Each structure stands twice: as C-alpha cells, then as structure tokens.
Amino acid sequence: MICTKCGGTRFNSWNRCMDCRNQRAKVRAERVKKNGGSHTSTEWKSLLANSPNCAECVRPWAEIPPRPDPRYKHPWTKGHKIPIYHGGSDDISNIQVECYECNFRKNAGALGRARTGNTNPVKKPNSGNNMPTAQERISRRFSFILNNGTEVFPVQMKRRDTGTIAFRVSPGGTGGNTLEASEEVDEETMVRKVLEEGYAVRCRSLDGNTNGLYKHGHRSVREIRRNAT
Ligand SMILES: [Zn+2]
Ligand SMILES: [Zn+2]
C-alpha cells in the first residue's frame, strides 16, 4: 500500500498514512507555538474535574458513545474554544473539555475549509468563545444561582439523530441522567416541569464554562432566580 498523497508506505492499524499524520502534527505544533499561551497538566485536570459535560453538545460523558478506537478509554478530549487553526492560544482560558465527536467534527470542518480555500472570517482572540450560540439557545424564564455564584440558564440541545432542538428535562432523583430517561420539551413545558414538578434541566452558563443537569434542591444550587435577566 502506498499513500496517494505523499507516497509514504507506513500505515497505522486504521490504514492512515503515518508520514501524513506526522506532517499534520508538525504543522499543528508550529501553529500552537506561533499562537502562544500554555497550560499545565494540573490546570487541565482541574478543568476536567469541573466539566461533567461536553462544552459543545452539552451531553454528559455517560451519553457519549464509546470511541471507535478502543485504545482511547475516555469520551472527552481537550478542545480549543478558538481553534488553533483560527489563531487560538493554548492558554487554559482557551481550553475546554469536549467529547471526541464534537472535537473531530470541529477539526474536520477546519480541514475542509483549508482544502477548499473557503475560509470563514478569522475569529478575533478574546472575542469570546461560543457565547452568541449559547445565548440564542438559552431560556431566560429562570436561572439557577450555584453555590459558587455562577448563574446557569436552561439550554436547548440538538439531538444528533433527529436534529430537533429542545430543552431536555429529567425526572427528579437519580438515574435521570441518560437520554432514555429524559424528555425533550418546549420552553413552556420545561418551565412548568422544573419549577412545579421538580424536574432537572440541562443548563449552561453564559460563558459556556459551566454545564450540567440542575434542579431545585440540587446540592450545588443556591437559589432560583425567576425571570432572569
Ligand atoms: Zn501520506
Ligand atoms: Zn460534544
């Protein structure tokens, strides 16, 4: 077998050319260096410990299908809010925990644009990760104030299989953390179920850094703010 791109002959167990792979890694390492910033493994571990969900699709780790390559034991990956490809820094403030599916999708998008030359406008650093998206999808009917002061809002999620966007609520108690046990509802129903029936709802902070399933009485919830602004 010979790589049609570089003529290389070394392939990994997934039939990917090793020379092309090494070349991509080299280009990426140069970009990381040029973009600047760095983070320690302690910073990464702390971020991971505080990230119960993928920062992109907001699914909890238990809902992510196993990795196709069984050598990778965990569904999470290290992602950049502003991609390296768009000049994002490697500083911890630009790092988020993403599921491998979101991470691969983002990177595939960047490579696709690079190939066609159809590049999107480069995001300015510090223009704030994915806030506009989060704001479009959140409900301001109420919010939860967490013990650490963070305000989180119910957020609509897109289902990968159906493409429908809805709030995801789960009945109180344990075991409600899976797709099967949860219901997808509109805003009106979500508000009623959460405020009157004690359901938990998928929430997100405006900066996107806090994600999770929260409900009235959750140990990390300090108060509910109605008609949140
Ligand atoms: Zn190759
Ligand atoms: Zn994801």
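The first residue of the sequence shown is numbered 1, and numbering continues consecutively from there. Because only heavy atoms are used, hydrogens play no part in the values below, and waters and symmetry mates are left out as well, while side chains stay in. Counting starts at 1 for both ligands and their atoms, following the listed order. Keep in mind it's a predicted model, so treat the numbers as computed, not measured.
- Here the shortest heavy-atom pairing between Ala200 and Leu213 reads CB-CG, 3.8 Å.
- Asn35 contributes a side-chain N or O that, together with a main-chain N or O of Ile84, makes up a donor-acceptor pair within less than 3.5 Å.
- A 6.0 Å sphere centred on CZ of Arg222 holds more than 12 heavy atoms belonging to other residues, nucleotides or ligands.
- Geometrically, Arg67 engages Tyr72 in a cation-pi contact, judged by NZ or CZ lying under 6.0 Å from the ring centre and within 45° of the ring axis.
- Within a 6.0 Å radius of CD in Glu188, other residues, nucleotides and ligands contribute 12 heavy atoms or fewer.
- With sequence neighbours excluded, the residues satisfying side chain to side chain contact (heavy atoms under 4.5 Å, CB included) with Asp90 are Val32, His39, His80, Ile95.
- Contact record, Pro66 with Tyr100: O-OH, 3.0 Å, taken as the closest heavy-atom pair.
- Only protein atoms were considered; those of element N, O or S under 2.8 Å from the Zn ion (ligand 2) number 4.
- Legend: protein N/O/S atoms lying under 2.8 Å from the Zn ion (ligand 1), waters omitted, number 4.
- By the salt bridge (charged side-chain N to carboxylate O under 4.0 Å, His left out) test, Asp69 pairs with Arg71, sequence neighbours left out.
- Because its NZ or CZ atom is not both nearer than 6.0 Å to the ring centre of Phe153 and within 45° of the ring axis, Arg204 does not count as a cation-pi partner of that residue.
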